[in-house]
Amino acid sequence: MQINPDRFLNDLHTLRGFGASGVGKGVVRPAFSPPDIAARDWLAGQMQDAGLTPHYDPVGSLFGLSDAEKSLLVGSHSDSQPEGGWLDGALGVICGLELARASAEAGGPPISIANFQDEEGRFGVTTGSTIWSGALSLDAADRLTDRDGITFAEARSAMSHLASDFVDPGRFSGFVEVHIEQGPWLYEAGEAAGVVTDIVGIRDMRITFDGEQNHAGTTPMHRRKDAVQAMVAFITAINERFRNVVTPQTVWTNGHIEVHPNAHSIVPGRCTFSMQWRDGDGDRLRRMETIIRDTAAEIAADSGLAVEFGTMLGLEPVDMAAPLQNALADAAETVCPGRWRRMQSGALHDAANVAKLMPAAMLFVPSINGISHDFAEDTDEADLVTGMQILARAVASL
């Protein structure tokens with residue numbers, strides 16, 4: 001199979017135009033936004049031109065289906081972070097599109113394409129593929145809300161006129177996702193590709209401290225039940241209490257904070273914040289959860305506050321399928337000998353959900369300076385083409 005690098009790169013740049021931020025190559029294309037729906041509509045047209053049947057499932061995930069009884073599924077997602085880059089997810093979808101074309105032109109194996117909805121977590125964690133995998137029911141998903149209080153049910157109604165049934169996973173022999181690394185290791189080593197061995201597990205939930213709203217000038221410090229002070233105490237304590245539990249690969253983040261009533265002259269009575277942690281060991285993730293809950297409860301009791309824990313979302317660590325891994329590794333050694341590695345994925349991807357349904361694998365290309373989830377995200381176009389060549393060679397060998 002011979003890929004067409006110019007066609008491949010042109011499609012990537014065309015997709016970037018949907019929701020272009022105006023800052024560098026940045027993209028603003030959150031799930032179910034007008035640019036997201038327009039991008040999927042354009043992609044559906046490209047799938048049809050490639051001889052595939054476009055198919056939207058009930059949550060807005062778009063498939064380009066081969067008419068073969070069995071086909072290899074290749075793809076990722078095209079929705080972005082609120083301030084995202086042009087390659088995160090989009091690369092994997094366009095790789096699937098170019099592979100389907102190249103395979104059809106060469107009489108190669110049948111290829112289908114997946115473009116999952118809401119991988120970036122406007123409503124949770126890899127929402128579209130989580131629902132498809134059976135790990136989250138559609139009824140439960142419909143009750144999820146974004147940070148503005150919009151429900152998943154309300155958001156997906158914008159695509160209801162396109163929706164059809166869920167696709168039967170049994171029609172696919174396996175799944176391959178090409179993605180930027182979103183970290184510094186390949187770029188700093190001057191390597192061109194990474195074959196993913198496993199994807200770390202992730203946990204994500206909201207914690208709320210309820211205190212007492214009061215006047216910021218007249219309430220003595222010893223009388224305050226300040227929810228923000230409780231949050232700060234929690235974050236400080238967690239960093240210390242994790243010390244003998246975590247490894248250098250373990251990470252945790254408090255990336256979103258809501259303060260009520262969010263005014264300069266009022267002691268905040270309520271503070272809700274996100275708590276996310278990731279590790280490749282499921283037992284460690286569970287130990288961390290116990291520490292998180294115990295620490296929050298202890299700080300609330302000591303401060304005279306109440307604490308509530310939101311619904312916990314997440315996935316267990318997932319190994320990638322050895323036969324697919326090995327095909328990618330052999331192809332990488334042929335295309336870029338000595339300039340690739342096997343590596344763990346510290347980021348969560350749709351492949352973690354799809355692996356519950358079929359053999360799955362991932363291929364990484366470098367991220368310049370390790371930057372992602374930012375307008376500055378980028379990858380050298382030569383590395384993008386190399387990743388596409390590795391994918392094509394690996395699939396041809398299967």
Side-chain angles (χ1 to χ4, degrees), residues 1-22 24-27 29 35 38-52 54 62 64 66 72-78 80 84-115 176-181 186-187 190-194 328 331-332 334-337 339-340 362-368 372 375-397:
M1 291 189 290
Q2 295 297 316
I3 68 162
N4 184 326
D6 290 337
R7 181 176 60 187
F8 166 62
L9 293 172
N10 286 338
D11 283 342
L12 270 175
H13 285 289
T14 299
L15 182 53
R16 177 171 63 89
F18 294 93
S21 69
K25 295 180 180 177
V27 168
R29 198 166 57 221
R40 290 172 191 272
D41 182 58
W42 173 79
L43 284 162
Q46 299 305 302
M47 292 171 177
Q48 191 161 29
D49 290 346
L52 304 174
L62 170 63
S66 165
L72 180 70
L73 186 64
V74 180
S76 188
H77 64 95
S78 62
S80 80
W86 72 298
L87 296 169
D88 182 359
L91 173 62
V93 176
I94 300 301
C95 280
L97 178 60
E98 177 58 27
L99 184 68
R101 290 168 172 160
S103 187
E105 291 164 355
I111 304 296
S112 293
I113 306 169
N115 180 9
V176 181
E177 181 172 6
V178 182
H179 209 282
I180 55 172
E181 181 196 349
L186 295 176
Y187 178 76
E191 295 173 340
L328 289 169
T334 300
V335 174
C336 52
R339 296 185 57 237
W340 65 279
M362 289 196 73
L363 177 72
F364 283 166
V365 297
S367 295
I368 294 175
S372 184
F375 290 157
E377 171 190 288
D378 205 1
T379 295
D380 189 289
E381 291 192 353
D383 288 330
L384 298 177
V385 172
T386 295
M388 186 69 241
Q389 290 170 334
I390 293 170
L391 173 67
R393 180 172 287 273
V395 169
S397 73

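Basis for what follows: all heavy atoms, side chains included, without hydrogens, waters or symmetry-related copies. Being a predicted model, the structure only gives us computed values, none of them experimental.
- A distance-only check finds no donor-acceptor pair linking the side chain of S76 to the backbone of G92 [under 3.5 Å].
- Taking both residues in full, the closest heavy atoms of S367 and E181 are given as OG-N, 3.5 Å, listed atom of the first, atom of the second, then distance.
- When only modelled atom types and interatomic distance are considered, E177 and H77 share no side-chain donor-acceptor pair under 3.5 Å.
- Surrounding CD of E105 are more than 12 heavy atoms belonging to other residues, nucleotides or ligands, all under 6.0 Å away.
- The backbone N or O of A192 lies less than 3.5 Å from no partner atom in the side chain of T386, so there is not a single donor-acceptor pair.
- Pairing each heavy atom of M362 with each of L328, the nearest pair is O-CD1, 3.7 Å.
- The residues K25 and E377 are annotated as not salt-bridged, no charged nitrogen and carboxylate oxygen being separated by less than 4.0 angstrom.
- Residues P366 and D380 have side chains not in contact (no heavy-atom distance under 4.5 Å, counting atoms from C-beta outward).
- No donor-acceptor distance shorter than 3.5 angstrom exists from the side chain of Q46 to the backbone of L97, with no hydrogens or angles considered.
- The two residues I111 and L52 make their nearest non-hydrogen contact at O-CD2, 3.4 Å.
- Of the possible polar contacts, none joining the S103 side chain to the P110 backbone as a donor-acceptor pair under 3.5 Å is found.
- Checked by atom type and distance alone, the side chain of N10 pairs as donor or acceptor with a backbone atom of D6 at under 3.5 Å.
- When all heavy atoms of L391 and C95 are compared, the closest pair comes out as CD2-CB, 3.9 Å.
- Residues satisfying the salt bridge (Lys or Arg N to Asp or Glu O under 4.0 Å) criterion with R339, sequence neighbours excluded, are absent altogether.
- Side-chain atoms of R40 come within 3.5 Å of backbone N or O of N115 as a donor-acceptor pair.
- Scanning both residues, P54 and M47, for their nearest heavy atoms gives CG-CB, 4.5 Å.
- Within the 3.5 Å criterion, the main-chain N or O of F18 finds a donor-acceptor partner in the side chain of R29.
- A salt bridge links D11 with R101: the closest approach of a Lys/Arg side-chain nitrogen to an acidic carboxylate oxygen falls below 4.0 angstrom.
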